[in-house]
Amino acid sequence: MTQYWLMKSEPHVYPYEQLVADGSTHWDGVRNYQARNFMRDKMKIGDMVLFYHSNTKPPHVAGLARVCKEGYPDFTAFDESSKYYDSKSNPENPRWFMVDLEPVTAMNNSVDLPDMRENPALEGMALLARGQRLSVQPVDKEHFMEVCRMGDVEGSL
DNA sequence: GCCAACGTTGGC
DNA sequence: GCCAACGTTGGC
């Protein structure tokens with residue numbers, strides 16, 4: 001059973017176009033326990049992901065991605081030269097985990113946050129909840145499908 | 001740049 | 001285990 005997710009990235013750090021260029025990527029740098037737990041315990045190969053660009057004008061869903069490798073230790077936490085280094089994580093007892101993603105398709109229509117807020121079909125979506133800032137979050141199938149409809153990418157599912 | 005929301009840290 | 005201080009996220 002396919003599960004659905006939303007993952008945030010700041011486009012100046014890692015845009016969707018970079019995922020397309022790379023072919024796949026490891027989702028490193030998540031340092032939040034709730035987000036970690038989703039990646040370590042819940043996300044499965046084949047799960048579908050809304051790739052969201054945050055901290056940009058306007059914030060928007062940039063494309064669809066798919067989980068292509070399940071949770072494994074985030075090795076950037078072991079690397080003292082990485083900005084994601086965490087002295088409390090080590091290979092014997094890793095604290096942080098990541099998954100790998102591959103691109104599916106960029107959105108054909110821009111799906112901007114203000115448009116999502118105005119869409120009654122997306123009522124209750126975690127992304128739209130006040131004050132939420134979780135960078136990895138589950139999405140209801142119905143909400144996922146509606147975002148795909150808004151982005152005109154249903155044909156890619 | 002502001003600031004609300006919320007997660008983390010650390011003293012006690 | 002409480003909670004104040006502090007740091008970060010991320011929309012606006």
Side-chain angles (χ1 to χ4, degrees), chain A residues 3-22 25-43 47-67 71-101 103-104 106-140 142-153:
Chain A
Q3 303 175 100
Y4 300 92
W5 307 92
L6 180 144
M7 298 171 87
K8 297 178 185 173
S9 182
E10 302 192 19
H12 73 272
V13 176
Y14 194 89
Y16 184 79
E17 297 72 33
Q18 191 64 46
L19 178 63
V20 173
D22 291 344
T25 195
H26 47 263
W27 202 260
D28 59 13
V30 171
R31 298 291 179 266
N32 170 281
Y33 287 104
Q34 215 178 337
R36 176 205 68 181
N37 291 347
F38 286 135
M39 292 197 291
R40 186 188 61 187
D41 305 332
K42 302 292 187 189
M43 298 180 81
D47 283 0
M48 297 295 292
V49 176
L50 298 175
F51 194 112
Y52 179 80
H53 283 168
S54 64
N55 247 317
T56 189
K57 288 183 179 178
H60 59 276
V61 178
L64 304 184
R66 184 188 291 119
V67 177
Y72 63 106
D74 181 343
F75 49 77
T76 64
F78 313 143
D79 176 3
E80 283 189 55
S81 68
S82 170
K83 65 175 175 174
Y84 299 130
Y85 175 67
D86 181 353
S87 62
K88 293 170 186 158
S89 188
N90 60 74
E92 291 71 39
N93 187 21
R95 170 176 295 205
W96 304 113
F97 286 73
M98 58 190 177
V99 298
D100 285 4
L101 297 185
V104 175
M107 289 301 181
N108 290 317
N109 286 334
S110 182
V111 180
D112 298 344
L113 183 60
D115 298 331
M116 297 174 72
R117 289 198 185 284
E118 287 179 5
N119 186 340
L122 296 181
E123 193 175 344
M125 192 175 177
L127 178 72
L128 309 179
R130 176 178 172 73
Q132 80 72 34
R133 44 180 210 176
L134 197 58
S135 63
V136 178
Q137 54 183 250
V139 176
D140 291 348
E142 294 70 22
H143 292 157
F144 188 94
M145 294 304 166
E146 178 63 14
V147 172
C148 289
R149 193 195 63 72
M150 294 172 75
D152 192 21
V153 294

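To find a chain, count down the sequence lines: A is the first, B the second, and so on, and within it residues start at 1. Just so you know, these numbers use all the heavy atoms, side chains as well, and skip hydrogens, waters and symmetry mates.
- Ala129(A) meets the side chain to side chain contact (heavy atoms under 4.5 Å, CB included) test with Gln132(A); sequence neighbours excluded.
- Distance, His12(A) NE2 to dG10(C) C1': 12 Å, rounded to whole Å.
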Dump the pairs, protein N or O against N or O of nucleotides 5-9 of chain B, anything under 3.5 Å, distances to one decimal.
unit_1	atom_1	unit_2	atom_2	d
dA5(B)	OP1	Arg130(A)	NE	3.0
dA5(B)	OP1	Arg130(A)	NH2	2.0
dC6(B)	O2	Arg133(A)	NH1	3.1
dC6(B)	O2	Arg133(A)	NH2	2.7
dG7(B)	O4'	Arg133(A)	NH2	2.8

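- A salt bridge does not link Asp47(A) to Lys42(A): none of the charged nitrogens lies less than 4.0 Å from a carboxylate oxygen.
- In this structure, Met7(A) atom CE and dG10(C) atom C1' are separated by 17 Å, rounded to whole Å.
- Taking the side chain as every heavy atom from C-beta outward, Asp115(A) and Met150(A) approach each other to under 4.5 Å.
- Checked options Tyr52(A), Phe38(A), Trp27(A); the residue passing with Trp5(A) is Phe38(A) (criterion: ring pair (Phe, Tyr, Trp, His ring centres under 6.0 Å)).
- Ring centroids of His143(A) and Tyr4(A) are separated by 6.0 Å or more, keeping the two rings apart.
- Look at CG on Asn55(A): it is 16 Å from P on dC2(B), rounded to the nearest Å.
- Atoms CG (Leu134(A)) and C1' (dG10(C)) sit 13 Å apart, rounded to a whole Å.
- A ring-centre distance under 6.0 Å is found for Phe51(A) and His53(A).
- Distance, Lys57(A) NZ to dG10(C) C1': 12 Å, rounded to whole Å.
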